[in-house]
Every structure is written in structure tokens, then in C-alpha cells.
Undergrad: 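Got a structure for you, questions after.
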Amino acid sequence: MNGTKVAIAPLTDFTPGVPVRIEGLDRPVVLVRIGDRVYGLEDRCSHQDVPLSEGSVWVEDREIECYRHGSTFSLETGEALSLPATRPGPVHAVEVDDGTVYLSKESS
């Protein structure tokens, strides 16, 4: 994990498949738990400045959907997977260590 690690919360505080907005870092980040893994993206759609944390998560596909226009983004890579978004969103390194979720302050 690059950058400074910041402890966010115990893994048990995250409901699988439910996006959570984290503030207090450089920019808001949306975290999504799937199984025992947590994914992190900048909490904004690259098409319009809309919070992805208000959208739906497609657990099996590891995607998050922007609620406003339906663009989907890969939770693994940040890649925009459907229109109208065409640009990827920044991915943030997330680590689960000893039951605690850590987020890197720098995006990858």
C-alpha cells in the first residue's frame, strides 16, 4: 500500500454490498465491502460530480452504478464501464489487516 495508511473502522462495520462515504481525507472516498475485501474509489462520477456512494453496487460484477445517469464503474480498476461516463475514477488502496480497514491517503 502506497502513501500513509489511515485506520477507518472495523471490517464488521461495513455491510457487504453497501457503499459507505468516507470524508476527512484529501477527497471523499466510497468504500464497498464484498466478502472480506474492501474496495475504494473517489466518491464522484467522472461524468458529473455526483456521489457514487448514493448508487447501487453490483456485487457479482464488482461494480458501482451512478444513480443519476446509470454509468457503472469497476470497483477493482475504476474503469468506466458504461456510458455516459467515459473516464475512469481514481482507485484508492484499501487493506484489511487484523479485522481493521485501512485506506491509503494517496490514490493509485
Undergrad: Please report the closest heavy-atom contact between G17 and V59, naming both atoms and the distance.
TA: CA-CG2, 3.8 Å

Undergrad: Would Y39 and I64 count as a side chain to side chain contact (heavy atoms under 4.5 Å, CB included) if you check the C-alpha gap in whole Å, the side-chain angles of each, and the deciding distance to 0.1 Å?
TA: CA-CA 10 Å; Y39 300 89; I64 191 165; over 6 Å; no

Undergrad: Looking at residues at least two apart in the chain, or sitting in another chain, which of them share a side chain to side chain donor-acceptor pair (under 3.5 Å) with T77?
TA: S74

Undergrad: What distance do L31 atom CG and L75 atom CG have between them, rounded to the nearest 0.5 Å?
TA: 10.5 Å

Undergrad: Between OG of S71 and CD of E63, what distance do you get to the nearest 0.5 Å?
TA: 11.5 Å

Undergrad: For S46 and A85, indicate whether the former's side chain and the latter's backbone hold a donor-acceptor pair under 3.5 Å.
TA: no

Undergrad: With rounding to the nearest 0.5 Å, note down the distance linking NE2 in H69 to CD in Q48.
TA: 4.5 Å

Undergrad: With rounding to the nearest 0.5 angstrom, report the CD to CZ distance, E65 to F73.
TA: 10.5 Å

Undergrad: Decide whether I34 and L41 are clustered together by the hydrophobic rule: side chain heavy atoms of Ile, Leu, Val, Met, Phe, Trp, Tyr closer than 4.5 Å, transitively.
TA: yes

Undergrad: Evaluate the side chain to side chain contact (heavy atoms under 4.5 Å, CB included) criterion for residues D36 and V96: first the C-alpha distance (whole Å), next the side-chain angles of each, then the deciding distance (0.1 Å), finally the verdict.
TA: CA-CA 8 Å; D36 288 334; V96 179; over 6 Å; no

Undergrad: Would a distance-only check, ignoring hydrogens and angles, find a side-chain to backbone donor-acceptor pair under 3.5 Å from S104 to A93?
TA: no

Undergrad: If you group Ile, Leu, Val, Met, Phe, Trp and Tyr by side-chain heavy-atom gaps below 4.5 Å, do V6 and V94 land in one group?
TA: yes

Undergrad: When you measure from the side chain of R27 to the backbone N and O of V29, does any donor-acceptor pair fall under 3.5 Å?
TA: no

Undergrad: Got a second to check how far E95's CD is from R37's CZ, nearest 0.5 Å?
TA: 11.5 Å

Undergrad: Between V50 and V30, is there a shared hydrophobic cluster once you connect ILVMFWY residues whose side-chain heavy atoms come closer than 4.5 Å?
TA: no

Undergrad: Enter the distance from L83:CG to T72:OG1 here, rounded to the nearest 0.5 Å.
TA: 9.5 Å

Undergrad: Treating R21 as the side-chain partner and S53 as the backbone partner, does any N or O pair qualify as donor plus acceptor under 3.5 Å?
TA: no

Undergrad: Are L81 and W58 connected in the hydrophobic side-chain network, where two residues link if heavy atoms are under 4.5 Å apart?
TA: no

Undergrad: Is there side-chain contact between P10 and T100, with heavy atoms separated by less than 4.5 Å?
TA: no

